[in-house]
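This report refers to the structure that appears directly beneath it.
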Amino acid sequence: QVQLVESGGGLVQSGGSLRLSCTASGSIFSIYRMGWYRQAPGKQRELVAAITSAGTLNYADSVKGRFTISRDHAKNMVYLQMSSLKPEDTAVYYCQCRGSTAVVGPIYDYWGQGTQVTVSL
């Protein structure tokens, strides 16, 4: 079993900042990628940012220059620093971890329960 627990969401005014954190725990053996997705009401879930085990970064165009993803390998944690927030950033943010639970075994995507981020005008 692999569990992802997010924290750091909340209500913030436009132009403000928030920092999301996510911890992966349980029987995870290898993590290949960790990332953040978001889903706004009536919209599909979309990638916000991701970081691979090699340190390769990937950002959605809409957040480039405003959001920064980082990772603490030792603690199996991933962070999302969000700055210059806009009302259109309002969504439930989900932590995602791509990894395996054995030396040789299938690779799965694991998801957190989500944390609400609301940006007011």
Side-chain angles (χ1 to χ4, degrees):
Q1 285 279 48
V2 176
Q3 298 83 36
L4 299 180
V5 178
E6 304 110 330
S7 62
L11 174 64
V12 64
Q13 286 188 329
S14 181
S17 299
L18 281 175
R19 188 190 192 215
L20 304 182
S21 300
C22 172
T23 304
S25 62
S27 56
I28 192 77
F29 182 81
S30 296
I31 294 177
Y32 301 100
R33 190 182 91 150
M34 296 190 78
W36 292 93
Y37 286 70
R38 67 186 180 188
Q39 187 167 19
K43 295 187 177 182
Q44 289 188 328
R45 190 174 296 189
E46 63 175 359
L47 173 69
V48 176
I51 180 168
T52 70
S53 57
T56 301
L57 305 176
N58 186 22
Y59 291 98
D61 288 342
S62 59
V63 306
K64 284 180 180 177
R66 300 188 298 122
F67 291 10
T68 301
I69 189 170
S70 60
R71 188 177 155 189
D72 185 328
H73 292 265
K75 296 180 179 179
N76 284 344
M77 293 188 71
V78 65
Y79 307 94
L80 185 68
Q81 179 66 47
M82 304 184 293
S83 303
S84 302
L85 282 161
K86 306 174 181 179
E88 50 263 44
D89 294 318
T90 295
V92 178
Y93 284 69
Y94 296 91
C95 177
Q96 180 248 9
C97 170
R98 179 167 295 168
S100 61
T101 57
V103 176
V104 179
I107 298 172
Y108 293 109
D109 283 339
Y110 301 94
W111 295 91
Q113 79 286 354
T115 185
Q116 177 71 45
V117 171
T118 303
V119 184
S120 63
L121 290 170

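Numbers here simply count residues along the sequence, with the first being 1.
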Item checked: Worked check of side-chain contact (heavy atoms from CB on, under 4.5 Å) between Glu6 and Leu20 -> CA-CA 7 Å; Glu6 304 110 330; Leu20 304 182; over 6 Å; no
Let me confirm one number: the [atom1]-[atom2] distance from [X] to [Y], rounded to the nearest 0.5 Å.
| X | Y | atom1 | atom2 | answer |
| --- | --- | --- | --- | --- |
| Met82 | Thr68 | CE | OG1 | 11.0 Å |
| Tyr32 | Tyr108 | OH | OH | 12.5 Å |
| Thr115 | Leu80 | OG1 | CG | 11.0 Å |
| Lys64 | Leu57 | NZ | CG | 11.0 Å |
| Met34 | Leu4 | CE | CG | 6.0 Å |
| Ser120 | Gln13 | OG | CD | 5.0 Å |

Next item on the list: Please work out whether the ring planes of Tyr93 and Phe67 are parallel, tilted or perpendicular, with thresholds of 30° and 60°.
Entry: tilted
Which heavy atom of [X] sits nearest to which heavy atom of [Y], and what is that distance?
| X | Y | answer |
| --- | --- | --- |
| Gln81 | Ser17 | NE2-CB, 4.0 Å |
| Ile31 | Ala24 | CD1-CB, 4.3 Å |
| Pro87 | Leu121 | CG-CD2, 3.4 Å |
| Thr23 | Lys75 | CG2-O, 4.2 Å |
| Ser21 | Tyr79 | OG-CD2, 3.3 Å |

Note to self: Between Tyr110 and Thr101, is the side-chain contact (heavy atoms from CB on, under 4.5 Å) condition met? List the steps.
What the structure shows: CA-CA 11 Å; Tyr110 301 94; Thr101 57; 3.5 Å; yes
According to a 4.5 Å side-chain heavy-atom criterion applied to Ile, Leu, Val, Met, Phe, Trp and Tyr, with indirect links allowed, do [X] and [Y] form part of one hydrophobic cluster?
| X | Y | answer |
| --- | --- | --- |
| Val2 | Tyr94 | no |
| Trp36 | Ile28 | yes |
| Ile51 | Met77 | no |

Next item on the list: Begin with the C-alpha distance, continue with both residues' side-chain angles, and end with the deciding distance and a verdict on side-chain contact (heavy atoms from CB on, under 4.5 Å) for Arg38 and Ser62.
Entry: CA-CA 12 Å; Arg38 67 186 180 188; Ser62 59; 3.3 Å; yes
Quick one: does [X]'s side chain have a donor or acceptor within less than 3.5 Å of a partner on [Y]'s backbone?
| X | Y | result |
| --- | --- | --- |
| Tyr59 | Arg66 | no |
| Thr90 | Val119 | yes |
| Thr52 | Arg33 | no |

Margin query: SG to SG below 2.5 angstrom is the rule I want applied to Cys22 and Cys95. Does it hold?
Written below: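 A disulfide is present here, as the SG pair of Cys22 and Cys95 is separated by less than 2.5 Å.
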Notebook entry, point to check: Between Asp89 and Lys86, is there a side-chain N and carboxylate O pair less than 4.0 Å apart?
Noted result: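 No, no charged N to carboxylate O under 4.0 Å.
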Next item on the list: Report the C-alpha distance between Arg45 and Trp111 in whole Å, list the side-chain angles of each, state the deciding distance to 0.1 Å, and finish with yes or no for side-chain contact (heavy atoms from CB on, under 4.5 Å).
Entry: CA-CA 12 Å; Arg45 190 174 296 189; Trp111 295 91; 3.3 Å; yes
Notebook entry, point to check: Just wondering, more than 12 heavy atoms not from Gln44 lying within 6.0 Å of its CD?
Noted result: no
